[in-house]
Amino acid sequence: MCRLFAVTSDTPLSPMKALEALDAMREGHDGSGVGLFMRDLGGPFAAIKGAPILSGIFTDAGLKKLDTLMMDIGFMTKYRMGIQLPETPPAGTPSRDIYLIRAYDYPRAWENLAEEEKHRRLLKVRLELREMGEADGDMIVFSFWPDVIMIKEIGDPLTVGRYMDLDRHGITARIIMAQGRQNTNYAINLYACHPFFLEGFATMTNGENTAFIPVKEFLESRGFDGYIGFQSDSEVFVHILHYISTFLDLPLDAYKHIITPLPDEALNSHPDASVLRILKQSCRRLIIDGPNCIIGNLPDGTLFMGQDSKKLRPGIVGGKPGIWAFSSEVCGLDTVIPDRDKSKDFQPMHLDMAMVGPDRKEVKVCRQTDRLSRQA
Amino acid sequence: MSANGQIIPSSLSISDLPWQIRWNQDKCTLCGSCTAVCPVNSIELGVFRKREIKAGTGFAEKPSSSQTIRYGIRQRTSPAYACVGCAMCSLVCPNDAIAPVRNDGSDKLRYHINQGGQPKSRGGRRNDPSGLLDQIKFIRISMLTDPALDAGRHTFDVNTLLGRVLEPRDALKHQREHGWMPPVREIYPLVIGGMSFGALSPTMWEGLQMGVAYLNEEMGMPVRICTGEGGCPPRLLRSRFLKYVILQIASGYFGWDEIIHAIPEMKEDPCAIEIKYGQGAKPGDGGLLMWHKVNKLIAAIRGVPERVSLPSPPTHQTQYSIEESVAKMIQSMSMAWGFRVPVYPKISATSTSLAVLNNLTRNPYAAGLAIDGEDGGTGAAYNVSMNHMGHPIASNLRDCYLNLVKVGKQNEIPLFAGGGVGKNGNLAANAAALIMMGASGVQTGKYIMQAAAGCLGSEQDRCNICNIGLCPKGIASQDPRIYRRLDAEKVAERVVDLYLAFDMELRKILAPLGRSTSLPIGMSDALGINDYHAAERLGIRYVV
Ligand code: SF4
Ligand code: SF4
């Protein structure tokens with residue numbers, strides 16, 4: 001089973017911190033892979049917040065293809081971070097040519113476009129690159145978004161982190177999500193490795209989402225370019241989050257109502273019963289059904305954790321003003337924030353969602369029996 | 001028959017019949033129970049005369065002959081009286097002296113059951129015991145990655161929706177703007193399919209209704225029952241139990257007057273209205289309630305004269321095309337109840353199912369689609385229709401579901417599948433397979449008759465005389481001497497039993513698949529079949 005760790009902190013942290021937390025929880029994962037999502041970056045990227053950053057893995061040939069395409073569109077490299085790798089990778093990790101983390105200036109022609117339109121186009125570029133790379137196997141693109149870096153690799157998380165010497169490269173971030181282990185039900189594929197990312201939204205999950213096929217079929221039929229991939233049965237969580245935020249304009253607390261609607265008896269006495277019943281019926285195809293703990297991140301920086309309605313997966317939130325962590329096991333939390341008030345640790349139950357906003361002052365818990373924070 | 005009787009082409013011997021009666025002279029006490037109960041008068045008391053000749057071995061004795069007479073049971077062989085194998089005679093025999101035995105050769109009767117130029121008609125069974133649904137296995141089992149659920153301990157939400165479900169954005173918009181929301185019912189996914197009052201006996205109908213009411217009110221299971229064409233008893237129409245009933249209107253419009261007249265006095269809306277265009281067992285053919293069953297009560301409820309056969313036309317004759325018909329009928333039925341009741345058509349699975357479905361997707365009032373495959377139907381029809389017409393349900397349903405997926409409307413128009421669900425007793429497995437292929441729920445009639453009332457019929461053409469009003473169990477007869485055999489209370493008990501058992505089996509299927517919070521509609525990745533072509537056709541996994 002996968003191990004999850006996410007942290008949001010006022011001071012930028014090294015991703016190695018998160019990998020250490022995963023290592024503390026290693027009994028639960030087999031060290032078969034790692035995924036890292038970083039946002040609100042420190043270090044050299046802090047000064048160029050608005051510039052889109054491309055992260056992925058390339059062969060030399062792939063890099064050439066990338067450069068030609070980006071040049072054609074008009075993207076200029078603004079900042080590049082090269083990750084130099086030792087000659088031999090650790091056992092089980094394939095040897096790669098280039099890990100690319102590169103910030104760009106928007107093309108001239110895009111300058112006067114609305115933010116939204118720019119974002120749409122970034123998505124298109126990412127998808128195009130991914131498709132080209134899938135054809136020849138020379139490019140793997142994880143994200144192309146301002147202020148976001150993603151790294152995924154096969155192998156033991158801590159070993160991979162040390163091999164890539166993430167500390168030395170000066171990558172730091174205020175929000176980090178990390179997951180240990182490759183995907184479960186499908187063939188090994190880096191795209192199937194958590195966290196998943198789409199237009200500013202990211203999620204990661206442990207467990208198995210048995211409602212995968214119906215959810216996937218629903219999303220695919222929405223006619224939105226970004227709903228692709230589906231190499232993992234939980235990739236749909238980020239798509240659902242994206243769908244309800246952008247298509248339905250619903251607040252984050254509605255997410256829980258969509259994926260795990262209240263039973264009818266509870267619904268009847270709910271202050272928002274009428275709208276919730278409509279959501280339950282019309283979004284029935286998005287109901288998830290696995291033992292899952294979901295940790296996610298919104299474009300505004302809010303970090304959250306929720307459970308499926310069976311609550312068979314552990315998940316804990318704790319910390320102190322300025323730094324909060326979300327972990328699948330308490331030992332992960334202990335590794336990164338040992339000096340917190342442990343009596344205030346919170347384990348979301350099947351109706352709860354815990355969130356920490358961009359101000360990082362407190363953990364907010366909303367229960368599904370509460371009023372919605374905002375109506376659609 | 002005496003030895004010098006006339007032999008005609010249709011003279012059959014007992015061994016020409018599909019069922020033969022084995023009668024044991026030593027055990028029989030000639031009580032007459034079997035002959036009294038035989039629904040088709042296939043056996044009668046017979047007088048057997050025996051002449052014995054004694055030829056002595058010595059010279060002194062003269063040869064002599066003597067006559068003895070004994071009484072016993074004789075099986076009649078004329079086609080009209082051929083034994084149907086129901087085994088009622090065995091059931092009533094106090095001495096185990098009689099039993100029907102299936103002829104293991106091929107019978108000759110089949111060539112002679114068209115006397116008077118009338119082809120054979122019978123009660124609804126396709127008489128093909130095999131079926132694809134029974135071949136499907138559930139293969140996605142959560143083992144190590146996740147703790148499997150426990151069917152006994154975890155809670156399961158298996159209810160489904162009947163009614164037009166709006167696309168999420170439209171739904172929110174309608175809600176915001178206080179627009180019209182199509183009525184949606186949350187129901188149990190196993191629906192008792194349309195079997196009409198008239199086709200079924202009053203005791204059977206009452207038993208089913210009582211069972212359904214008990215399931216709803218005592219067990220908290222929102223089970224629904226469809227009336228079939230033929231109306232609904234006036235008292236039920238005006239009772240609070242109407243909400244558990246789906247009223248059917250078919251092309252004969254039988255019983256609709258009664259329903260329309262009751263609308264102002266209805267305390268509750270019916271669950272839904274089903275417009276029947278086709279029945280799986282006899283696609284392209286209408287209903288057929290034969291005169292035997294049209295007694296005073298049935299005639300009154302249906303608004304017809306007594307003792308006339310009531311064939312429904314194959315199509316709704318007042319309308320010009322299926323498009324027009326579906327649109328108009330859905331509209332006017334919705335209107336009759338103030339757009340508060342879901343209205344949907346039921347069609348037989350055919351190559352044109354997709355056309356009807358596509359038509360429905362553009363009709364905002366269409367509340368769903370029921371598709372009935374070739375193994376469905378309980379009513380009377382001609383042998384040839386039942387045995388040789390129709391489309392199996394699995395691929396038809398799958399095509400329809402995938403078509404909806406393609407246009408992004410899956411489950412917006414819920415599909416209800418019927419036709420052979422549980423025909424070999426595997427009700428929950430068959431239902432679950434159809435649901436995972438895309439059905440929002442299933443309809444079944446035959447299994448209910450079999451389980452709740454002990455229908456004797458089988459897929460090997462046993463009994464199957466539902467059409468002529470002689471149902472030996474009293475399920476499908478309108479003759480009080482026969483239907484009094486059936487205790488409505490006991491039927492109700494069995495309905496409850498079978499639903500509770502079904503529910504447990506369904507959970508036993510869903511739990512290992514890790515599904516508990518919503519019905520696994522379209523969870524096709526859980527299905528496997530060991531037939532390559534079937535797997536390809538259905539878009540499920542091929543497993544050997
Ligand atoms: S099996 Fe049925 S039809 Fe045949 S003789 Fe016995 S009672 Fe009559
Ligand atoms: S319903 Fe009656 S007549 Fe029909 S098959 Fe069953 S037992 Fe026979």
Side-chain angles (χ1 to χ4, degrees), chain A residues 1-2 181 183-185 206-224 233 243-244 247-250 254 258-265 267 272 274-292 308-310 312-313 350 375-376, chain B residues 140-149 154-155 157 159-161 163-176 178 181-182 184 186 220 222 401-402 404-412 414 436 438 440 510 512-527 539:
Chain A
M1 186 184 78
C2 297
R181 181 165 181 182
N183 68 314
T184 38
N185 279 336
N206 53 13
E208 176 184 14
N209 171 23
T210 55
F212 172 61
I213 290 289
V215 180
K216 167 180 178 263
E217 284 176 344
F218 174 81
L219 290 164
E220 279 176 335
S221 58
R222 294 309 96 186
F224 178 72
D233 56 13
Y243 175 75
I244 73 144
F247 280 72
L248 305 185
D249 191 26
L250 292 169
I258 300 282
I259 57 176
T260 66
L262 287 171
D264 281 351
E265 314 84 70
L267 206 56
D272 293 315
S274 65
V275 66
L276 289 180
R277 190 165 302 112
I278 284 165
L279 286 177
K280 181 176 179 180
Q281 288 180 352
S282 66
C283 296
R284 177 167 61 141
R285 293 145 291 180
L286 295 176
I287 296 174
I288 62 154
D289 213 344
N292 293 120
D308 77 292
S309 52
K310 294 169 205 149
L312 291 172
R313 279 279 167 269
H350 69 293
Q375 297 260 320
Chain B
R140 180 179 172 162
I141 315 280
S142 292
M143 292 285 292
L144 292 175
T145 51
D146 290 297
L149 296 170
H154 284 100
T155 50
D157 189 351
N159 289 348
T160 192
L161 300 180
R164 182 59 165 264
V165 178
L166 292 179
E167 190 270 333
R169 264 187 298 186
D170 288 344
L172 287 171
K173 186 163 172 277
H174 282 227
Q175 207 259 347
R176 233 182 354 251
H178 304 289
M181 293 299 265
V184 176
E186 190 164 319
Y401 180 74
L402 291 177
L404 287 177
V405 168
K406 206 180 289 166
V407 294
K409 286 188 182 295
Q410 61 273 46
N411 306 356
E412 280 179 29
M436 291 181 204
S440 281
L510 301 187
L513 304 182
R515 291 301 294 263
S516 66
T517 55
S518 70
L519 201 63
I521 302 169
M523 186 187 178
S524 52
D525 56 330
L527 300 179

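These numbers were taken from a predicted model, which means no experiment stands behind them. We name chains A, B, ... by the order of the sequence lines, and we start the count at 1 in each one.
Atom CZ of residue Arg169(B) and atom OG of residue Ser282(A) lie 11.5 Å apart, to the nearest 0.5 angstrom. Separating the CZ atom in Arg285(A) from the CD atom in Glu412(B) is a distance of 5.0 Å, to the nearest 0.5 Å. For the atom pair NZ of Lys173(B) and CG of Leu248(A), the computed distance is 14.0 Å after rounding to the nearest 0.5 Å. Here CG of Leu250(A) is found 5.5 Å from CG of Leu172(B). Values are rounded to the nearest 0.5 Å. Within the model, atoms OG1 of Thr210(A) and CG of Leu149(B) stand 8.0 Å from one another, a figure rounded to the nearest 0.5 Å. Taken from CG in Leu527(B) to CD1 in Ile213(A), the straight-line distance is 10.5 Å, to the nearest 0.5 Å.
Thr517(B) contributes a side-chain N or O that, together with a main-chain N or O of Ile288(A), makes up a donor-acceptor pair within less than 3.5 Å. One N or O on the side chain of Gln410(B) and one on the backbone of Glu217(A) form a donor-acceptor pair closer than 3.5 Å.
For Pro182(B), the side-chain contact (heavy atoms from CB on, under 4.5 Å) partners are Arg164(B), Leu166(B), Trp180(B), not counting sequence neighbours. Residues passing the ring pair (Phe, Tyr, Trp, His ring centres under 6.0 Å) test with Tyr401(B), sequence neighbours excluded: none.
Within a 6.0 Å sphere centred on NE2 of His154(B), heavy atoms belonging to other residues, nucleotides or ligands number more than 12.
Chain A forms the most heavy-atom pairs under 4.5 Å with one residue out of Gly163(B), Ser524(B), Gly408(B), and that residue is Gly408(B). Of the listed residues Arg515(B), Gln175(B), Met523(B), the one with more heavy-atom pairs under 4.5 angstrom with chain A than any other is Arg515(B). Residue with the most contacts toward chain B among Ile278(A), Leu286(A), Thr260(A), Asp308(A): Ile278(A) (heavy-atom pairs, distance under 4.5 Å).
With a 4.5 Å cut-off on non-hydrogen atoms, Ile521(B) touches chain A through its backbone and its side chain both. Heavy-atom distances place no part of Arg277(A) under 4.5 Å from chain B, backbone and side chain included. For a residue to count as touching a neighbouring chain, one of its non-hydrogen atoms must lie under 4.5 Å from one of that chain's; by this rule Asp264(A) touches chain B with the side chain only. With a 4.5 angstrom heavy-atom cutoff, Leu161(B) touches chain A via backbone and side-chain atoms both. Pro168(B) touches chain A through backbone and side chain together, each having a heavy atom under 4.5 Å away. Heavy atoms of Ser274(A) lying under 4.5 Å from chain B belong to its backbone as well as its side chain. Heavy-atom distances place both the backbone and the side chain of Val405(B) under 4.5 Å from chain A.
Note on Lys216(A) versus Asp525(B): no salt bridge recorded, every NZ/NE/NH1/NH2 to OD/OE distance being 4.0 Å or above.
Using a 4.5 Å cut-off on side-chain heavy atoms (C-beta onward), Asp289(A) and Ser516(B) make contact. Side-chain contact between Ser440(B) and Arg284(A): present, with at least one pair of heavy atoms (C-beta onward) separated by less than 4.5 Å.
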